[in-house]
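The figures here come from the full heavy-atom set of this structure, side chains too, leaving out hydrogens, waters and symmetry mates. Reminder, nothing fancy here: chain letters follow the sequence lines and each chain counts from 1.
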2 protein chains.
Amino acid sequence: MALDPTKHKDWEIAEEAETRMLTIYQVAEKLGLTKEELLPQGHYIGKIDFQAVLKRLKDKPNGKYIDVTAITPTPLGEGKSTSSMGLVQGLGKRGKNVCAAIRQPSGGPTMNIKGSAAGGGLAQCIPLTPFSLGFTGDINAIMNAHNLAMVALTSRLQHERNYDDEQLERLSGMKRIDIDPTRVEMGFIIDFCCQALRNIIIGIDGVNGKSDGFMMKSKFGIAVSSEVMAILSVSRDLKDMRERMGKIVVAYTKKGKPVTTEDLEVAGAMTAWMVDALNPSLMQTLEGQPVIVHAGPFANIAIGQSSIIADRVGLKLADYHVTESGFGADIGFEKFWNIKCRYSGLIPDCAVVVATIRALKCHGGAPVPVPGKPMPVEYSTENVEWVAKGCANLIHHINTVRKAGISPVVCINAFYTDTDAEIAKVRELAEAAGAKVALSRHWEHGGEGALEFADAVIEACEEKTEFKLLYELDEPIKDRIEKIAKEVYGADGVDYSAAANTAIERIQKDPELSKLALCMVKTHLSLSDNPTLKGVPKGWRLSIREVLTYGGAGFIVPVAGAISLMPGTSSNPAFKRVDVDVETGKVKGVF
Amino acid sequence: MALDPTKHKDWEIAEEAETRMLTIYQVAEKLGLTKEELLPQGHYIGKIDFQAVLKRLKDKPNGKYIDVTAITPTPLGEGKSTSSMGLVQGLGKRGKNVCAAIRQPSGGPTMNIKGSAAGGGLAQCIPLTPFSLGFTGDINAIMNAHNLAMVALTSRLQHERNYDDEQLERLSGMKRIDIDPTRVEMGFIIDFCCQALRNIIIGIDGVNGKSDGFMMKSKFGIAVSSEVMAILSVSRDLKDMRERMGKIVVAYTKKGKPVTTEDLEVAGAMTAWMVDALNPSLMQTLEGQPVIVHAGPFANIAIGQSSIIADRVGLKLADYHVTESGFGADIGFEKFWNIKCRYSGLIPDCAVVVATIRALKCHGGAPVPVPGKPMPVEYSTENVEWVAKGCANLIHHINTVRKAGISPVVCINAFYTDTDAEIAKVRELAEAAGAKVALSRHWEHGGEGALEFADAVIEACEEKTEFKLLYELDEPIKDRIEKIAKEVYGADGVDYSAAANTAIERIQKDPELSKLALCMVKTHLSLSDNPTLKGVPKGWRLSIREVLTYGGAGFIVPVAGAISLMPGTSSNPAFKRVDVDVETGKVKGVF
């Protein structure tokens, strides 16, 4: 019997449940994996040899495919991971053969704002702490693969400066690339929030003079924003990953030609560092259902989806496979829809939009909650009017899901302060907008509390879908950005900086790059590009500051507003509260 | 039957042997590990729950403790890992219950100069490629733990600049530390050779102004040179690691007081990232003997020893435990002797000095071989005179081992171009210097070729040892540096830069810091601090450029000569030859 979530913290619940969790061999057995297909990582975590699974089950039809997205969250998050776990547990209670695919948490937020990204209350995945602290090492592999490209690039810049053409070719076995140091696109990565590395100068002369690198501006992004992470998300298999890994544009030559990782002869080695990471990881819910973990979060500054491979495996192994898209439907679901499903060819059967009364109140006018601060009193007293007003945001996201041609299910992720009148209002408005609505008490009661939710999803999965993409890849880039801005974000139009215009012109002329999907970079805290605007902002235009290309992942990346690829660490970061019990080896404070 | 090493490359031999290697469960059984004590990482690699093993076997007497060191190597290395594997295989052939502890390779050299650090020919450990590419993730854990301290430091510098005392204390819950930005000791780390990150400026104003960090000089070192790696090497258990992790000095306050990781409230979280890494990893030789892998290489710029924990575990589990010290006895063995054994309390039974005819010729006057270039012809023709002259270097190292009071065994690591006369000369001179001498053909014949070697070691282990340390911790720092310089390196004396003098004065005044062991940073390519001087350089003085303190690892670190903590990537790096077979997932070119 699990601990009572109204009396215990998430980590206490997880820790208690871990004393009686299934071994990873038992979890694998539930999924029908063979002994060879499970690559154990200790006794309670594993990796799945996906190539073997897909080969063995290539003729088996896929299970039902369910995406979990949300309304525009408050800075505290609205329990999307919790609801994904709740749904899986609920489907499990209904006797379904079920599987989830979630994303590995980034060390940045874990050490800065919050701890776990494993759900909460009685809807979590375990073991909790390893999951939050590096897990099976995929993000580290990404860090190494990505930074190796920067090693190749920066050392090459040094050697091209130090040697004449003849020396260079003789010593390196490569002709001069003639990299333009002012047009280096790629930076380094690290998986923490480290604002001091956002803008840096590297290659400063030290004791060794000409051997101390090439001096230039550079930058670090957070690991999960890396194009290598994006490649992990969208690769269909190892062959696909290898090809994509060679197409990363790291810089341009002085004549304006792209310099790729393949040009630097580093793409093979980068892939070598990633071979193990391509196998998805495996853990379990508090109630023992299998949970696949693969790729990373941050749908605001990255694709932020669990991987195509994880979904391919889950759909073969389970009758119901639940996958998760980051943040609100404007960014997480939009990328699931127009990037992930486009590249995988997989068609979802339904999409869940998670909402909380808290977030609806916030969209309706209540003061925005601040992480680490006490909740404003407005959130513990009934206010149906705010909830009703805030439902505009929910309805906007429901409509986004409907534009994709699939059935929306609204999950009201219940909290004990919610009142019946508030919940009734959400039901009324969301149903009127064409969604199924389920109240779910998985946080408090686990799978038993998520039966209504599970039933709504089962029902929605039986409905006919007419899945359609928002745009085609041969439409002009600006037309496509405008479609997303207007139809998904609700903007009046789009404005471009001079740099963005130049980049789009250049990309549009390239027959290959111009046909890549769009991966928008935009705040998750508003439908607009201004994080302070709640509800459904009206009368605004989307500002595109710059446009990057991820030739390997296959994305054109328009960056909206002032969002950065490297978050900052706050003055009172979460790492201060993390420590280790030296007798038991248990990590404390990651929650 | 293994492939013929005269006809096949190392990686081909390994790949063939991997088709019939033991599962990690079988390797663990050989060591007598319980099912719970083995934490499998896939089917062929594992980690050992060392706390459980040490608890279970606390009353069992230790096995014999053998250190493998070498003469001053050429830049190609003299097969120390190969000889360690050969010795283990030879002891295995003699029916001994044997175990090895080696170090995890660094991604830097793997991707730059050479591939594998797993031995060679028929004396290797497998699986080869995972070992070379991140293995079980310990170095990544070190990278995260170390860089998290830098996140704490750099963000704190920003917040201390941005807020007044009252704001700072209210927002962060910590009083002003008043860090002196000109006296930051610590840098970031990355596990590649990236000269462009050797000297950098961070925290440059970007879009976010005051939130973009604190501008200052900084640096990246290679991961294995990190103090966190050193802590992994010398920690006796988790409690010890936690204490050490809080004592890392990251900077000084404006009043000159040390600022530690504990002061930044980040030491607990750093330890949390390291909990799994504290469990040593397990793999096997080509002939199925257990090989423990723990901590990292680079005895030139780091401690470069496998860990105390690995040795504690190996000595409990096996009757003969072979551990390896990096590079020549001047640096690798000296640190084993005066740091590792001092901190572990373990007493070695014998030390092997590996020599090759190639390296002896080089010390005797033959042209220095260059990695990636063809071997000079001098190495394929007999020259007893060069060998005899070069033996001065070998004898110097034999004497170093004898100063520690333990029995030296010289292993002549045979190569097919060696002649009988050359080998006889080494035997004659080394025996005259008081060493046992064994010719070993493990490279060509595996364990069968290492029987003479194994027998010599078994015999040496039966001799009485009178182990004694070179210096006591309460001797003045300069006296101790001088002892190492004169007695181990053969210098006439020591010269200090102004910066080194200032640092020593400061450290000498600190009752705690002044009593730490010395961890010298010096080139491995010469007994002196000048890598071009071969043999036994005479009439030179050791130059100490700077002196660092590793308060957590417990080291005073005098840096000799122009050696850098961040190596550079060459113009024709090894990563160019690495790729992946996308059908099988096998990595090619790491050798």
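Contacts of A:D581 with chain B are made by backbone atoms alone, with heavy-atom separations under 4.5 Å and no side-chain atom involved. Proximity to chain B (any heavy atom under 4.5 Å) is shown, for A:Q41, by both the backbone and the side chain. For a residue to count as touching a neighbouring chain, one of its non-hydrogen atoms must lie under 4.5 Å from one of that chain's; by this rule B:L264 touches chain A with the backbone only. Using a 4.5 Å cut-off between heavy atoms, B:M143 touches chain A through its side chain atoms alone. Using a 4.5 Å cut-off between heavy atoms, A:V578 touches chain B through backbone and side chain atoms alike. Heavy-atom distances place no part of B:K47 under 4.5 Å from chain A, backbone and side chain included. Residue contact with chain B, scored on non-hydrogen atoms closer than 4.5 Å, is absent for A:D49. For A:L38, the part lying near chain B is the backbone, with the side chain staying farther off; criterion is any non-hydrogen pair under 4.5 Å. Heavy atoms closer than 4.5 Å to chain B are found in both the backbone and the side chain of A:L148. If you measure heavy-atom distances from B:D205 to chain A, the contacts under 4.5 Å come from the backbone alone. Both the backbone and the side chain of A:V266 come within contact range of chain B, judged by heavy atoms closer than 4.5 Å. With a threshold of 4.5 angstrom between heavy atoms, A:K35 approaches chain B through N, CA, C or O but not through any side-chain atom. For A:T129, no part lies near chain B; criterion is any non-hydrogen pair under 4.5 Å. Neither the backbone nor the side chain of B:P573 has a heavy atom closer than 4.5 Å to any heavy atom of chain A. Heavy atoms closer than 4.5 Å to chain B are found in both the backbone and the side chain of A:A152. Proximity to chain A is limited to the side chain of B:V587, based on heavy atoms less than 4.5 angstrom apart. The contact between B:S570 and chain A is made entirely by backbone atoms, counting heavy-atom distances below 4.5 Å.
In this structure, CG on B:N199 lies 5.5 Å from CG on A:D212, to the nearest 0.5 angstrom. The structure places CD of B:E160 at 11.0 Å from OG of A:S571, a figure rounded to the nearest 0.5 Å. For the atom pair CD of A:E265 and CG of B:N572, the computed distance is 8.0 Å after rounding to the nearest 0.5 Å. To the nearest 0.5 Å, the span separating CG on A:L197 from OG on B:S218 amounts to 7.5 Å. Between atom CD of residue A:Q51 and atom OG1 of residue B:T584 there is a gap of 9.5 Å, rounded to the nearest 0.5 Å. With rounding to the nearest 0.5 angstrom, the CD1 atom of B:I190 is 8.0 Å from the CG atom of A:N144.
Between B:H43 and A:P40 the shortest side-chain heavy-atom distance falls below 4.5 Å. Side-chain contact between A:L238 and B:V580 is present, with at least one heavy-atom pair separated by less than 4.5 Å.
B:W273 has its ring centre less than 6.0 Å from the ring centre of A:F192.
Across all non-hydrogen atoms, the minimal contact from B:V275 to A:G585 is CG1-O, 3.6 Å. B:Q195 and A:S155 get closest at one heavy-atom pair: NE2-CB, 3.9 Å.
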After noting the C-alpha distance and the side-chain angles of A:R242 and B:D579, does the key distance pass the side chain to side chain contact (heavy atoms under 4.5 Å, CB included) rule?
-> CA-CA 9 Å; A:R242 175 64 186 85; B:D579 212 326; 2.8 Å; yes

Might you work through the side chain to side chain contact (heavy atoms under 4.5 Å, CB included) test for B:I200 and A:I201, ending with a clear yes or no?
-> CA-CA 5 Å; B:I200 62 176; A:I201 295 174; over 6 Å; no

Does the pair A:C194 and B:T154 meet the rule for a side chain to side chain contact (heavy atoms under 4.5 Å, CB included), with working shown?
-> CA-CA 8 Å; A:C194 191; B:T154 55; 3.9 Å; yes

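Atom CE of A:M215 is surrounded by 12 or fewer heavy atoms from other residues, nucleotides or ligands within 6.0 Å. For NZ of B:K576, the number of neighbouring non-hydrogen atoms (other residues, nucleotides, ligands) closer than 6.0 Å is greater than 12.
Per-residue counts of heavy-atom pairs under 4.5 Å with chain B were compared for A:S564, A:A141, A:S211, A:G568; the largest is that of A:S211. Interface summary for chain A: among B:I204, B:I202, B:L39, the most heavy-atom pairs under 4.5 angstrom belong to B:I204. Listed options B:V151, B:T271, B:N162, B:D237 were ranked by heavy-atom pairs under 4.5 angstrom with chain A; first place goes to B:V151. Comparing A:G268, A:G203, A:C193, A:G213 by how many heavy-atom pairs each has under 4.5 Å with chain B, the most go to A:G268.
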